[in-house]
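Worksheet: one structure, shown below.
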2 protein chains.
Amino acid sequence: MKPRLLEIRKAVLKKNDEIAAKLRERFLKHGILALNIVSSPGAGKTLLLKKTMEILIQEGFKVGALVGDLQTDNDAKFLAKSGAPVRQIETDGNCHLEANIVSDYLADWDLTDFDFFFIENVGNLVCPANYDLGESLRVVLLSTPEGEDKPLKYPPMFNSADIAVISKIDLADFVEFDRKAVYKNLQAVHPMLAICELSAKTGLGMTNWLDFLKSKLRVLRSEMSIKV
Amino acid sequence: MKPRLLEIRKAVLKKNDEIAAKLRERFLKHGILALNIVSSPGAGKTLLLKKTMEILIQEGFKVGALVGDLQTDNDAKFLAKSGAPVRQIETDGNCHLEANIVSDYLADWDLTDFDFFFIENVGNLVCPANYDLGESLRVVLLSTPEGEDKPLKYPPMFNSADIAVISKIDLADFVEFDRKAVYKNLQAVHPMLAICELSAKTGLGMTNWLDFLKSKLRVLRSEMSIKV
């Protein structure tokens, strides 16, 4: 990369981190578990989010979401059916979300009482890796039809995530998905990565996923109470 | 985007276009049909390429390939099994190929006698759209598990392509793929886009795809002979 371009990119990332730190502070002040959901296009982020939000709402949690796409507000409309407040960010061609746009969209949003806040990133397994959005938890989806080799080919994303969700597990046999290989590849790029297999379509594995989210919320709030 | 950053990006794109124009000239001078293959991660670019090259080689064509990934040379090793010369470009984190890196990797490569030259881009449905690699044909893959809505959500890529390959068509029923919807969505973003459905795994649709490639090569060479 050209030195001048590299220098500007570094400045952009530094500015992003500063805004993300303020966002994180805001989420934590309200005891909110904020999640940044990343994956390839079509890995099933939106369906997982809708099912997750529906169940959490039924269980009495308060949830909200921001969803990023190059164009269309289809995902926000679909997610709003869960009953949760959802806003669409159209990035107008930008390949990832940045902290400043998340901050803008959250500026007039009253976050009091929220338990979980989901940020669905643009479908892209490369560029979103570099941009902190102030989340407490970064979730990367890897759908079984994509293949077991993706962690090795896209290491920054899998390395920066806190949990890998192996999605569309109902298709595993049909696409001859090699579970052993994917665990090995995930551990090669991120030895401590949490892994969760599920199908948002059939419901398989959803309980484990929701238990994981709720345990993370409990940990976040107990840490808060220690700090207070 | 910041004005300064935008200005530099424009300069990068302009420089890229200049190098791509030289690459295109070089491919055309040798009567080579150069293809830039783009898609989301895991849409099946590499398997399609391997099967395509194997059949073309059997039929007496001379083919070669460059393959881009953030990391690993797994794809080049896999593709080389076809018997074709293949080189791997590791982008070291960069989210797309650019003309200068393609040019560097081709610098010492004797292109005389090649018929088809395939450039497999980094798996990314956003960023590669902006970078001309000197190809005569841009091929975008959309695999059935990704869903019918992708053309609407990633319009620059589908708009800049010459043909959309709907891959993994053997999974269509299993993932409840809506063919009518995908044709409608593809035509909405690119009314004249050629469309080809196939499964590299089962072989379904491969003949159509290969006929398409060979007809494009014939057109390219007859245009050349007119110019001479």
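Computed from a predicted model, the values in this text were never measured in an experiment. Quick note on labels: first sequence line is chain A, next is B, and so on, each numbered from 1.
Minimum interatomic distance between A:Thr72 and B:Leu152 (heavy atoms only, all atoms of both residues): CG2-O, 3.4 Å.
Between the B:Lys168 side chain and the A:Val175 main chain, no donor and acceptor come within less than 3.5 Å of each other. Remark: side-chain polar atoms of B:Tyr154 are paired, donor with acceptor, to backbone N or O of A:Gly123 under 3.5 angstrom.
Atom CG of residue A:Leu125 and atom CG of residue B:Asn124 lie 9.0 Å apart, to the nearest 0.5 angstrom. In this structure, CG in B:Asp69 is found 8.0 Å from CG in A:Asp149, a value given to the nearest 0.5 Å.
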task: Report the C-alpha separation of B:Val126 and A:Leu70 in whole Å, then their side-chain angles, then the decisive distance to 0.1 Å, and conclude whether the side-chain contact (heavy atoms from CB on, under 4.5 Å) test is met.
output: CA-CA 9 Å; B:Val126 188; A:Leu70 268 62; 3.9 Å; yes
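Highest contact tally toward chain A, considering only B:Pro145, B:Ser39, B:Pro41, is held by B:Pro41 [criterion: heavy-atom pairs under 4.5 Å].
Neither the backbone nor the side chain of A:Asp92 comes within less than 4.5 Å of any heavy atom in chain B. Interface remark: B:Lys150 contributes side-chain atoms only to the contact with chain A (heavy atom separation under 4.5 Å).
Contact of the B:Cys95 side chain with the A:Cys95 side chain is not registered, since no non-hydrogen atoms from C-beta on lie closer than 4.5 Å.
Other residues, nucleotides and ligands contribute over 12 non-hydrogen atoms within 6.0 Å of the NZ atom of B:Lys201.
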